[in-house]
4 protein chains.
Amino acid sequence: MPTKPRFRRRKEDRPNEITEAAFVEFSRKGYAATRVTDVCKRAGVSKGLLYLYFKTKEDLFKSVIRNFVVPQVDALKLAIESSPLPAEAFLRGPFLKLMQELVNSRAQTVIRLLIVEGPKHPDLTAYYCDHVIAEGSAVMQKLINKGVANREFVPSALQEFPQLLLGPVLISVVWKSLFERHRALDTDALIAAQLDLVLKAIKPTHAQEVTA
Amino acid sequence: MPTKPRFRRRKEDRPNEITEAAFVEFSRKGYAATRVTDVCKRAGVSKGLLYLYFKTKEDLFKSVIRNFVVPQVDALKLAIESSPLPAEAFLRGPFLKLMQELVNSRAQTVIRLLIVEGPKHPDLTAYYCDHVIAEGSAVMQKLINKGVANREFVPSALQEFPQLLLGPVLISVVWKSLFERHRALDTDALIAAQLDLVLKAIKPTHAQEVTA
Amino acid sequence: MPTKPRFRRRKEDRPNEITEAAFVEFSRKGYAATRVTDVCKRAGVSKGLLYLYFKTKEDLFKSVIRNFVVPQVDALKLAIESSPLPAEAFLRGPFLKLMQELVNSRAQTVIRLLIVEGPKHPDLTAYYCDHVIAEGSAVMQKLINKGVANREFVPSALQEFPQLLLGPVLISVVWKSLFERHRALDTDALIAAQLDLVLKAIKPTHAQEVTA
Amino acid sequence: MPTKPRFRRRKEDRPNEITEAAFVEFSRKGYAATRVTDVCKRAGVSKGLLYLYFKTKEDLFKSVIRNFVVPQVDALKLAIESSPLPAEAFLRGPFLKLMQELVNSRAQTVIRLLIVEGPKHPDLTAYYCDHVIAEGSAVMQKLINKGVANREFVPSALQEFPQLLLGPVLISVVWKSLFERHRALDTDALIAAQLDLVLKAIKPTHAQEVTA
DNA sequence: TATGAATGAGATTTCATTCAT
DNA sequence: TATGAATGAAATCTCATTCAT
């Protein structure tokens, strides 16, 4: 068997391979504690090559965030917009599942990294704000509004603050990274509970139905 | 013998002064980016002295967290236990105010620091878990249960997951540190909205009351 | 067989093209701060090709020096030897002009590079010493001596140190690279002044002429 | 005998010790090729300490230049201004000696370093221009003018370009660093020759004296 | 010939921690 | 107690050079 070739020459794949490795390292140790060398080792690449594709460590970090964030939001948008289900059914079905999965996905890492490093990178948070927060909120808002229009829901503050649905997701993510080893939390149940409470609050009561 | 000269600080104050200075520095730059020297400068103390009281930078960090966390929880416990108000009135009154204040208090900093550094310090998160999470949850749970016992509230998942009330607090804290400069968020309204929705969900409806 | 296509450069030109590009880069940033990559870019050539012609960066440097130095000296030699003018007329005419031009020519760059890198490359300075210094001095010496023989000039230390004529050239070169932006210097006048003073010193005075 | 103490605690001397060491290293290898580590080793100091006193390597370099330049110029100024000698006697005596010594002094190194690094550090050359070039020229100019006023000298371009006297000094410095090992040059004689020629040119001739 | 992706040694700089005073 | 000069390990980043293609 031949020795490992020193050169591999795969220009197109390299940036992704490196970003992937960086994601893993960052998610384990956080940005500051991750050494560029470790990323290189994981990617099976020399330091020089990493710096060929990413001007600085910070650059690499931004690339990690951007790479893993956009697909998620797009998936959500697509799911909501293409679904024929009525609002409540959609929320209790695909939407709940998506939120529950978020907690165990890479989103967890990205959220933690953002919380940590965000304040130092205004351009990154601006990007995130526009592409994730704004679009995500808009899409959820549209869904709630559709329900109100349908008479599935009564008007409520949720129309203004659709992100309330994500409160337990954030709690879960933080919990998992901090307390999971000390105390279990059934994040699926937590997220479902919030959805349930909120739906109970915004669904017309019998009295209202009668009145209407 | 004369009294101690006033310009000479009493040594017992030193650790607190240092912790206080460290809090400020950590909250501005985060743990990794804070230099011990800066903490010393702010505290008006030499490096040697700091290392007399705190074995390592990490040690200092833990002290910061512990110092600012316990009083908060104690205040909450006291407020809940000593209040004569019925559950809903308490939630809509003092409790809401307390949650809203949390967002602008030092809690914000502590939460961010914990998220960042927590994973590296299991003992710290264990401590936090026991003293803040567990006690805080217990106290909120007792409050909800009291409301249920009173027939103010119907049974709900909130009894199992009282932390759902804090979802919007966490959202607010994260928002403030990341997105505030790009997009405003009325955190008071957000927190109030969640409380309102949840109360709507767990208060007996007319129908239920009649039935019951 | 058809003629070689014109868009394909003939390989014999490549080394010169590279040396030319290197000259430009070296003269802008100095040897150490010039990256081989930049030379390649300027020459429109890949790194591999550069290293085909020049074993190392140092090698390239030496080639630059040699390439631009020899023609200059040859021009001077030719000018002096083929000129029918008497010594003073030659000095005040073509020689002065040549010196003045030197300051703005590539010689400036070469001199700076030599001063910087020379000490590290004894073989290069040896080459330079033999081909530029020795020959240049000899040629100027011959000129002065001719003037003395003619009775245009009286004997003087200039016969031993003809390089004194170049003092202001060196001053000008250094000045231009260091101080020009802060303080202007009329280098043409400076060089002319030295020539004038020296000629005044070595031309026979009336008294001497009479005596003689 | 005890082991070498790790700490020496000589705050006041350190910057000078380090600058001195840096001077030696820079003068041997030039700025770019000198490693900070080498300077530290020579100074018997850790890298951290060097960076306590000098923010960057460049900073250290500037300090080297400034430290060795000012005393020289001050010495020249003092010598000229306090001397009772007539102009020619001063030039042939103390001034000649000073120029000759310059070649073998640290000035040689400083000049080489300046030529090499100057173009990259406009602030440094500005400083040098003001403190060395301007003041040096002014002081030489005053000397020449005094001689003209005295009728020791006739008016000449030397009044405008006193730096012509330094031409052979520059030649000598460059020669020593580049060609000395290949070909000897009697720099003392070279400098004296220039002075002699120039004086011959600017002293009144017999004819002129008679006429006048 | 010709390319340019890939290497890796080595440079500068930072900062938590120590300890002579 | 109290100081802050001094340490040195370790991190990021650069660039001359190589070699599979």
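When reading the values below, keep in mind they use all heavy atoms of this one structure, side chains included, and skip hydrogens, waters and symmetry mates. Convention: sequence-line order gives letters A, B, ...; per-chain numbering from 1.
- Nucleotide E/dA5 holds its C1' atom 14 Å from the CG atom of A/Leu50, rounded to whole Å.
- B/Glu17 has its CD atom 14 Å from the P atom of F/dT1, to the nearest Å.
- Between A/Phe26 and A/Phe61, the ring planes lie perpendicular to each other; the angle is over 60°, past the 30° to 60° tilted range.
- Dashed line: the shortest gap from a side-chain N or O of C/Lys57 to OP1 or OP2 of F/dA16 is under 4.0 Å.
- One interatomic measurement links the two molecules: OH of D/Tyr51 to P of F/dG4, which rounds to 24 Å at whole-angstrom precision.
- OP1 or OP2 of E/dA6 has at least one side-chain nitrogen or oxygen of A/Arg14 nearer than 4.0 Å.
- Atom CD of A/Glu58 and atom P of F/dC13 are 9 Å apart (whole Å).
- Phosphate proximity of F/dT1 to B/Tyr53: absent, as no side-chain N or O sits under 4.0 Å from OP1 or OP2.
- Classified by interplanar angle (parallel below 30°, tilted 30° to 60°, perpendicular above 60°), the ring pair D/His121/D/Tyr31 is perpendicular.
- Checking F/dC19 for Watson-Crick or G-U wobble geometry (two distances, each under 3.5 Å) identifies E/dG4 as its partner.
- Rounded to whole angstrom, the span from the CG atom of A/Leu52 across to the C1' atom of E/dA6 amounts to 8 Å.
- Between the side chain of B/Lys47 and the base of E/dT17, at least one donor-acceptor pair of N or O atoms lies under 3.5 Å.
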